[in-house]
Structure formats: structure tokens, C-alpha cells
Amino acid sequence: MFGSPPPGRRFSMSGRRANKPYAEESISNLLPRLEEKPVKPPRYISIYRQSVKCEAEKNKAQWKTMGPAKVAVPSPKNFLQKHSKEPKLPARKKEQVPEKLPELSVPRRTDRPVMGIQSKKNFINTNAVAVIKGLPKKPQPIYVDRRQGDKYLLETSGLLPKYIKKKDYGVIPKYVTQRNEERERAQKEYETSILENLRKKAMKRITDEERETLLKGLKKKWEEVHSEFQSLPVQVDTIPKKMNKEKLEIQMKQLEHDIDAIEKHKVIYIANE
């Protein structure tokens, strides 16, 4: 066929000659050949091998290995039993039985009742006399919640004023009286110590009359200053007017502070001149 390659040759798709995938036939290839095994080089052995082994044996111990050196094999008899891990109570002591048993209040099985005893007492007449001569039974006080309701005991209902009829009702308890006495005694001791300190520091206590007089004088002075403040002109445009207004305001504030202090404190001490 036109354009086909000659026999005995192989070509690629591009038209070039391809390499031979196998060797050409030869008589020498038919002879058997001995397989040559590759010779391995000798294994590398360190010159410090012996010293390293000695060092490892020297530092080796049982606890440095993977677990203990020898483990005892568990016995098949020591298996886990039921309730073996629960706490056990101590052994119960035997109660000592007394030799002599206590006397019983009930008759024994071997006891026999006394037979043949007869009484001549007339129980019917006796009961009738006891009922006739006996005092009538007092009815128990009760109350009802409504007209046809249930009955309840009156004593436990809280409606009876039995607590106010007690002998110690309204009496101050002893611990309250004792506490009040201790408080009064402590107050007296405190006042005594204050008076002693004031006497040492040469302080004088003003009387109630002097306090009232001082309080009235301060209030009268405040009224005078206040009336003077009210008489100021509406327009304060000069320096003297401003200074007078500020002066009156300061006086009123000081008087109000003094009046408040005297009204707040009933006991006032002053230094002796």
C-alpha cells in the first residue's frame, strides 16, 4: 500500500523511527547466565557500643521499666464478692439476761382465780345514792361558728380573756427593770464624768433661765436685722448698697445658725473668763 512503512521497522505517529522494545536475537542470548547477587557493604558498628551498653545497664532499675519487674498472679479464690466493699458493723454483743426476772403485773399462766368469794354489797343502791348525793357535772364551755354549725371548745379558741387575769399580767419583767436601772446608772456616771472634766477645764454650765434669755435676745436681734433688710431699696446699684446688703445677709445667717444650735442643745457650757 502506498505510504506504508517497510516491514521490519517501527515508526511513531510523527513518522520517526521508534526505539526497539527488545534486543535483537542472538545465539549468545540463548546460553544460561548465572545471576550475580549484589554484595552488601559491612554494617556500621560504633566503636562506643560497648561503653553505651555498660552505661545503660548501670543506670537501669526496676521502677524505670514499663511496669514492675515481677507481678504476682492473682489467686482465683480472691474474686470480688457481693457487698464485700460495704462497711461492716461491729459484732453484736450478747445481752446479759438477769437471773431474776421482774415481777409481772399480769397474772401468770399457772395462776388460778380465787373461787367462792361472794360480796353482800348492793351495787344498785350504792350507785343510786352516789348519783343523788353527787354534785352535778358542769357543762364544758363551747361555742359554735354559726346557728346550726359545729361545736368547738371555748378554752382553746382564744376568746376567753384568761391571760389578763394572771397575777403577773402587766408587771414589768425583772430583766427590763434591771436594764433600765443599769442605763440610768451609766447615764449618771457619764454626766458625773462630764461635770468633772468641765470643772477641771474651768467650764460653766448656763442655767435654763439664762438659755431662754439668750434665745429670746437672738430672735429679737434677728427680727431687727430682718426688718432692716426688708427696708433696703429694690434696686441695688451702688457699691455701698451692695456691701450693706451682704453684711445684713451674713448677720442673718449667723443669727439663724446660733438660734438653731441653742434650740438643738439643751445643756450648754461656756468658758469662765
Side-chain angles (χ1 to χ4, degrees), residues 62-63 67-198 205 208 264-267:
Q62 293 183 357
W63 56 86
K70 293 182 180 180
V71 181
V73 180
S75 176
K77 296 181 180 179
N78 299 332
F79 57 90
L80 183 63
Q81 298 180 357
K82 187 177 181 181
H83 304 295
S84 61
K85 293 187 178 182
E86 294 181 358
K88 296 182 179 180
L89 298 175
R92 185 177 179 181
K93 297 182 180 179
K94 294 183 179 180
E95 298 181 358
Q96 295 180 358
V97 181
E99 296 180 358
K100 188 178 180 181
L101 296 175
E103 295 182 0
L104 300 177
S105 59
V106 297
R108 297 180 179 276
R109 185 179 58 180
T110 56
D111 294 347
R112 295 289 182 270
V114 181
M115 306 297 291
I117 298 177
Q118 295 181 0
S119 176
K120 297 180 180 180
K121 183 178 179 180
N122 192 348
F123 290 96
I124 298 176
N125 295 338
T126 304
N127 293 339
V129 172
V131 170
I132 293 170
K133 293 184 177 181
L135 296 176
K137 187 178 180 181
K138 293 183 179 180
Q140 197 170 9
I142 58 175
Y143 76 98
V144 292
D145 51 2
R146 57 181 184 272
R147 186 174 181 181
Q148 295 180 351
D150 299 329
K151 297 180 181 180
Y152 302 96
L153 295 177
L154 186 62
E155 185 177 359
T156 58
S157 64
L159 301 175
L160 289 178
K162 60 181 181 180
Y163 292 101
I164 61 176
K165 295 181 181 180
K166 295 171 64 177
K167 294 182 179 180
D168 56 348
Y169 180 78
V171 180
I172 300 175
K174 293 183 179 179
Y175 72 92
V176 177
T177 307
Q178 184 179 359
R179 185 180 299 173
N180 293 337
E181 292 176 356
E182 292 178 356
R183 184 171 56 187
E184 292 177 359
R185 184 171 61 255
Q187 183 67 21
K188 289 181 180 179
E189 292 178 357
Y190 175 73
E191 292 178 357
T192 305
S193 62
I194 291 294
L195 292 174
E196 185 67 22
N197 293 334
L198 293 175
R205 176 182 176 181
D208 296 340
K264 187 176 181 180
H265 302 88
K266 296 182 179 181
V267 180

Tell me which donor-acceptor pairs under 3.5 Å the side chains of residues 162-182 have, and how far apart each pair is, sequence neighbours excluded?
| from | atom 1 | to | atom 2 | distance (Å) |
| --- | --- | --- | --- | --- |
| Thr177 | OG1 | Pro173 | O | 3.1 |
| Asn180 | OD1 | Arg183 | NH2 | 3.1 |
| Asn180 | ND2 | Val176 | O | 3.3 |

Across all chains, not counting sequence neighbours, the side chain to side chain contact (heavy atoms under 4.5 Å, CB included) partners of Ser105 are none
Between CD on residue Glu191 and CD on residue Gln187, distance to nearest 0.5 Å:
4.5 Å
Scan residues 94-152 for pairs that pass ring pair (Phe, Tyr, Trp, His ring centres under 6.0 Å), counting only residues two or more places apart or in two chains.
Tyr143-Tyr152
Check whether more than 12 heavy atoms from other residues, nucleotides or ligands sit under 6.0 Å from atom CD of Glu155, and answer yes or no.
no
Going from CD1 on Ile132 to CG on Asn127, what distance comes out if it is rounded to the nearest 0.5 angstrom?
11.0 Å
Residues in side chain to side chain contact (heavy atoms under 4.5 Å, CB included) with Leu80, at least two apart?
Ser84, Lys85
Name of the residue among Lys88, Lys82, His83 meeting side chain to side chain donor-acceptor pair (under 3.5 Å) with Glu86:
His83
Kindly indicate whether the side chain of Val144, heavy atoms from C-beta on, has any atom under 4.5 Å from the side chain of Asp150.
no
Residues at least two apart in sequence or cross-chain that pass side chain to side chain contact (heavy atoms under 4.5 Å, CB included) with Gln140, listed by chain then number, are Leu153
Which residues satisfy the side chain to side chain contact (heavy atoms under 4.5 Å, CB included) test with Arg146, sequence neighbours excluded?
none
